[in-house]
**Q** 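Provided herewith is a single structure, encoded as structure tokens, for subsequent inquiry.
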Amino acid sequence: MRHLYQIQAQVTTNPIPSVEPNRIAVKLIGLCAAHANMRHGELIFTHYLTSTPNIFVFNALLKAFAQNNDWRSTLCYFNYQLLLPNAPDPDEYTFTSVLKACAGLAQASEGEKTHCFVAKYGCESNLYVKNSLIDLYFKVGCFGIAQKLFDEMDVRDVVTWNTLVSGYCLSGHVDEAKCVFDRMVEKTLVSWSTMISGYAKVGNLEEARRLFREMPERNVVCWNALIAGYAQNEKYADAVNVFRQMQQEGGLAPNDVTLVSVLSACANLGALDLGKWIDRYIRRNRMKLGLFLGNALADMYAKCGCITEARRVFDMMQERDVISWSIIITGMAMHGHANEAFECFKEMIAHAVKPNEITFMGLLTACTHAGLVDKGLDYFHMMAPAYEIIPKIEHYGCVIDLLSRAGRLDEAEKLINSMPIKPNAIVWGALLGGCRKFKDAERGQRVVHRILELDSEHSGSYVYLSNMYASMGRLQDAAKCRLRMRDNGVTKLPGCSWIEIGNTVYEFFMGDHSHLQSEKIYLMIKELRWKMKLAGYRPKTDLVVHSIDEEEKEDALSVHSEKLAIAFGLISTSEGTTIRIVKNLRVCNDCHDATKIISQIVKREIIVRDRSRFHHFKDGRCSCNDYW
DNA sequence: GTAGGGTTAG
């Protein structure tokens with residue numbers, strides 16, 4: 001950046017007489033755009049306004065904003081140009097930038113207005129402008145107009161065709177896009193990448209992969225399209241594998257877009273080692289920690305259990321938006337640091353960043369994990385009046401959960417019955433959780449019926465009912481219930497735990513014997529069971545429903561996926577190493593008790609991320625204080 | 001001028 005200031009200083013104090021000043025302005029603004037420093041670009045532009053900027057200077061500025069995805073500023077300066085008495089008339093170059101901005105904002109009204117100006121200034125016949133118009137109409141959802149413009153063109157280039165393919169992909173009409181794609185005589189890398197991401201967006205990864213294999217040449221964008229496709233469809237391990245493949249065979253360096261997708265995969269897998277490697281890669285290559293990359297990195301650290309590191313990244317970022325603040329607030333919440341989350345929110349408001357619905361989700365979860373019911377209700381009630389955010393079903397779900405966990409079941413049920421949105425199975429499920437915890441069988445039964453009306457495959461309801469009957473000694477009813485569950489094809493999502501050892505993520509299911517070191521793992525479990533018993537641990541066998549005897553119940557508990565992963569962690573890492581586990585479900589009561597004792601016996605810190613929060617086990621205690 | 005990226009209850 002420094003040389004940019006030097007150039008500008010030199011130009012302003014020491015103008016080169018033979019070069020026309022406007023040419024220098026264009027060059028400088030272009031440099032600012034390349035450095036993503038448009039504040040400086042604006043300064044230069046205002047400086048040149050005192051002389052007489054020509055159309056090249058205006059176009060350079062609009063193009064620079066458009067390049068940096070700053071659509072609002074693009075439109076703002078275009079309107080300024082129209083109002084300024086001595087400003088030059090816009091030309092086809094002006095319109096390509098302005099139309100791009102309208103498309104970026106997906107604003108139909110602004111787009112139509114610009115279309116009128118295009119006609120007024122006689123730029124309609126230009127190919128670039130036509131292509132931009134087609135793109136614009138697709139992005140504001142007017143496929144008919146876009147297709148008509150395309151049909152009426154007598155000269156089309158490959159960009160015209162690509163725009164049509166991209167337009168159909170964006171609107172989810174992949175099959176139409178494929179038809180256009182197949183009709184294309186000349187295809188570029190852009191055509192292929194568009195189709196790959198089009199298939200990825202609708203979840204058809206087989207087709208995306210097939211095209212990827214077929215394409216004649218590859219660049220970093222098409223790799224990114226495939227990696228992002230897997231990451232966005234929750235195929236995180238595949239995303240990481242494609243990334244590794246890219247490094248092995250591509251000879252292509254990953255860029256910030258690649259890393260953002262891979263970091264998001266790491267965050268979801270809890271793959272801290274790979275995440276740390278990417279952090280080092282970013283520093284080694286002096287990559288700019290922009291909004292996207294910084295946010296992805298901070299989120300990765302937060303979701304991998306390193307909230308301090310997450311905060312460090314957050315503090316290092318030069319620019320922060322709502323998403324950055326939401327990430328850090330949600331991160332604090334997941335780690336049970338409710339007060340820090342509230343402090344961050346205050347800081348955010350002090351920085352004049354407007355919170356969004358996700359920020360409030362973070363605050364509400366912070367309250368849930370700390371049992372701060374009234375604080376949570378305060379946040380819930382301030383959303384609409386103070387910040388114009390209408391609570392969505394997710395927020396209601398969170399508040400019902402908050403009330404239910406605290407045993408305020410009457411209030412929770414009243415809120416469900418009075419909410420302006422139709423409650424879904426998840427909202428009722430939150431109340432059901434409360435009924436289970438506080439043994440309110442009457443309400444529980446009522447709730448189960450409401451849930452099954454909405455979702456006949458809600459496994460939690462069947463399990464609840466069957467458990468309830470079993471605990472009342474009505475074993476026949478319990479059996480009937482499980483039978484009904486089976487007949488309806490309801491399957492409980494199998495519990496699964498991951499642990500990352502030496503850059504590989506290992507996956508364990510309950511009672512899993514598929515691991516190569518299975519024998520050693522089960523020996524370790526046997527040893528732990530013995531030591532745990534001596535330390536006073538009693539398995540919570542009442543959680544196991546099946547009608548089997550006590551000893552078998554203990555066995556069933558002892559091979560929960562999380563215990564297998566912990567045992568594997570213990571035999572695969574050196575003494576004292578922290579063990580990090582990621583689970584797809586919430587940690588069960590028995591595993592929670594067991595892990596506390598294990599942390600004491602083996603003198604290790606064990607960090608478990610379950611589907612909604614972190615548990616830091618140390619010296620026989622858990623950071624959640626047994627409230628989760 | 002056309003392709004690729006980050007936060008969200010149970």
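Quick note on labels: first sequence line is chain A, next is B, and so on, each numbered from 1.
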**Q** Is a side-chain donor-acceptor pair under 3.5 Å present for A/Tyr301 with A/Asp279?
**A**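 Checked: A/Asp279/A/Tyr301 side chains pair up, N/O donor to acceptor below 3.5 Å.
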**Q** Tell me whether the side-chain N or O atoms of A/Asp256 pair up with the base of B/dG5 as donor and acceptor below 3.5 Å, since no angle test is needed here.
**A**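 Yes, the side chain and the base share a sub-3.5 Å donor-acceptor pair.
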**Q** Kindly state whether the ring of A/Phe243 and the ring of A/Trp223 have centres lying under 6.0 angstrom apart.
**A**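 No, too far apart.
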**Q** Base, sugar-phosphate, or nothing: which does A/Lys139 touch, judged by heavy atoms less than 4.0 Å apart?
**A**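 Sugar-phosphate: the residue A/Lys139, judged by heavy atoms under 4.0 Å, touches backbone atoms but no base.
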**Q** Which part of the nucleic acid, if any, lies within contact of A/Lys100, taking any heavy atom under 4.0 Å across all strands shown: a base, the sugar-phosphate backbone alone, or nothing?
**A**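 Result for A/Lys100 = sugar-phosphate.
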**Q** Out of B/dG4, B/dA3, B/dG5, which nucleotide sits closest to the side chain of A/Gln232?
**A**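 Given the options B/dG4, B/dA3, B/dG5, the side chain of A/Gln232 is closest to B/dG5.
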**Q** So A/Ile426, base contact, sugar-phosphate only, or nothing? Heavy-atom distance under 4.0 Å.
**A**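 Base, at least one base atom sits under 4.0 Å.
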**Q** Which nucleotide wins on minimum distance to the side chain of A/Val159, given the candidates B/dA9, B/dT2, B/dG5?
**A**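 Selected nucleotide (nearest to the side chain): B/dT2.
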**Q** Please report the distance, rounded to the nearest Å, between CG in A/Leu293 and P in B/dT7.
**A**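 These atoms are roughly 13 Å apart.
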**Q** Report which part of the nucleic acid A/Thr194 touches: base, sugar-phosphate, or nothing (heavy-atom distance under 4.0 Å, all strands).
**A**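 Sugar-phosphate only.
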**Q** What's the closest nucleotide to the A/Ala228 side chain, out of B/dT2, B/dG10, B/dG5?
**A**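 Nearest listed nucleotide: B/dG5.
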**Q** Contact class for A/Leu127 (heavy atom, under 4.0 Å): base, sugar-phosphate, or nothing?
**A**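 Base contact.
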**Q** Within the pair A/Ser197 and B/dG4, is there a side-chain N or O less than 4.0 Å away from OP1 or OP2?
**A**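 Yes, such a contact exists.
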**Q** Just call it for A/Ala430: base, sugar-phosphate, or nothing, with non-hydrogen atoms closer than 4.0 Å on any strand.
**A**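 Answer is nothing: A/Ala430 stays at 4.0 Å or more from every strand.
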**Q** Using atom CZ of A/Phe150 as one end and atom C1' of B/dT2 as the other, report the distance to the nearest whole Å.
**A**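 So the CZ-C1' distance, A/Phe150 to B/dT2, works out to 12 Å.
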**Q** Round to a whole Å and report the spacing from OH of A/Tyr379 to P of B/dA9.
**A**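 Atom OH in A/Tyr379 sits about 18 Å away from atom P in B/dA9.
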**Q** Looking at every strand, decide which applies to A/Ser612 at a 4.0 Å heavy-atom threshold: base, sugar-phosphate, or nothing.
**A**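 Here A/Ser612 touches the backbone only, sparing every base.
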**Q** Of all heavy-atom pairs between A/Cys266 and A/Ile278, which one has the smallest distance, and what is that distance?
**A**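 Scanning both residues, the minimum pair turns out to be SG-CD1, 4.5 Å.
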**Q** Reckon A/Lys201 has a side-chain N or O less than 4.0 Å from the OP1 or OP2 of B/dG4?
**A**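 For B/dG4, OP1/OP2 do have a side-chain N/O of A/Lys201 under 4.0 Å.
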**Q** Which nucleotide in the list B/dA3, B/dG5, B/dG4 gets nearest to the side chain of A/Ser166?
**A**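 Selected nucleotide (nearest to the side chain): B/dA3.
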**Q** Using the side-chain heavy atoms of A/Val220, tell me which of these nucleotides is nearest: B/dA9, B/dA3, B/dG4.
**A**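 Of the options given, the side chain of A/Val220 lies nearest B/dG4.
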**Q** Compare the minimum distances between each of B/dG4, B/dT8, B/dT2 and the side chain of A/Thr330, then state the nucleotide with the smallest one.
**A**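 Closest nucleotide among those given: B/dT8.
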**Q** Are A/Trp325 and A/Phe345 an aromatic pair, judged by ring center distance below 6.0 Å?
**A**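 No, too far apart.
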**Q** Which nucleotide, B/dA9, B/dG5, B/dT8, lies nearest any side-chain atom of A/Glu357?
**A**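 The listed nucleotide nearest to A/Glu357's side chain is B/dT8.
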**Q** Under 4.0 Å between a side-chain N or O of A/Thr365 and OP1 or OP2 of B/dA9?
**A**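 For B/dA9, neither OP1 nor OP2 has a side-chain N or O of A/Thr365 closer than 4.0 Å.
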**Q** Can you check the A/Leu252 CG to B/dG4 P distance for me, whole Å?
**A**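 Computing the A/Leu252:CG to B/dG4:P distance gives 18 Å.
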**Q** To the nearest Å, how far apart are A/Leu402 CG and B/dG10 P?
**A**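 Taking atom P of B/dG10 as the reference, CG of A/Leu402 is at 10 Å.
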**Q** Using atom CG of A/Asn233 as one end and atom C1' of B/dG4 as the other, report the distance to the nearest whole Å.
**A**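 Atom-to-atom, A/Asn233 to B/dG4, this comes out as 14 Å.
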**Q** Between B/dT7 atom P and A/Met317 atom CE, what is the distance in whole Å?
**A**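 That distance rounds to 13 Å.
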**Q** Please report, rounded to the nearest Å, how far the C1' atom of B/dG5 is from the CG atom of A/Leu297.
**A**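 One finds 14 Å between C1' of B/dG5 and CG of A/Leu297, rounded.
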**Q** For A/Asn424, answer base if it contacts any base atom (sugar-phosphate contacts may also be present), sugar-phosphate if it contacts only those atoms, and nothing otherwise; contact means non-hydrogen atoms under 4.0 Å.
**A**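 Here A/Asn424 touches the bases of the nucleic acid.
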**Q** Return the nearest nucleotide to the side chain of A/Arg586; candidates are B/dG4, B/dG10, B/dA9.
**A**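 Closest of the options to the side chain of A/Arg586: B/dG10.
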**Q** State which residues pass ring pair (Phe, Tyr, Trp, His ring centres under 6.0 Å) with A/Tyr121; sequence neighbours excluded, sorted by chain then number.
**A**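 For A/Tyr121, no residue satisfies ring pair (Phe, Tyr, Trp, His ring centres under 6.0 Å) once neighbours in sequence are set aside.
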**Q** Ignoring backbone atoms, test whether A/Lys303 places a side-chain nitrogen or oxygen under 4.0 Å from the OP1 or OP2 oxygen of B/dT8.
**A**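 So the side-chain polar atoms of A/Lys303 do come within 4.0 Å of the phosphate oxygens OP1 or OP2 of B/dT8, strictly under.
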**Q** Within the structure shown, what part of the strands sits under 4.0 Å from A/Ile400 by heavy-atom distance: base, sugar-phosphate, or nothing?
**A**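 No contact at all - A/Ile400 keeps every heavy atom at 4.0 Å or more from the nucleic acid.
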**Q** Tell me whether the rings of A/Tyr379 and A/Phe360 are parallel (<30°), tilted (30 to 60°) or perpendicular (>60°).
**A**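 The rings of A/Tyr379 and A/Phe360 stand perpendicular, inter-plane angle above 60°.
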**Q** I'd like to know if A/Asn219 reaches the base of B/dA3 with its side chain such that a donor and an acceptor end up less than 3.5 angstrom apart.
**A**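 In this structure, the two groups form a donor-acceptor pair.
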**Q** What's the closest nucleotide to the A/Val221 side chain, out of B/dG10, B/dG4, B/dT8?
**A**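 Between B/dG10, B/dG4, B/dT8, the one nearest the side chain of A/Val221 would be B/dG4.
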**Q** For the residue pair A/Tyr168 and A/Gln147, confirm or rule out a side-chain donor-acceptor distance under 3.5 Å.
**A**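 Distance-only check passes for A/Tyr168 and A/Gln147.
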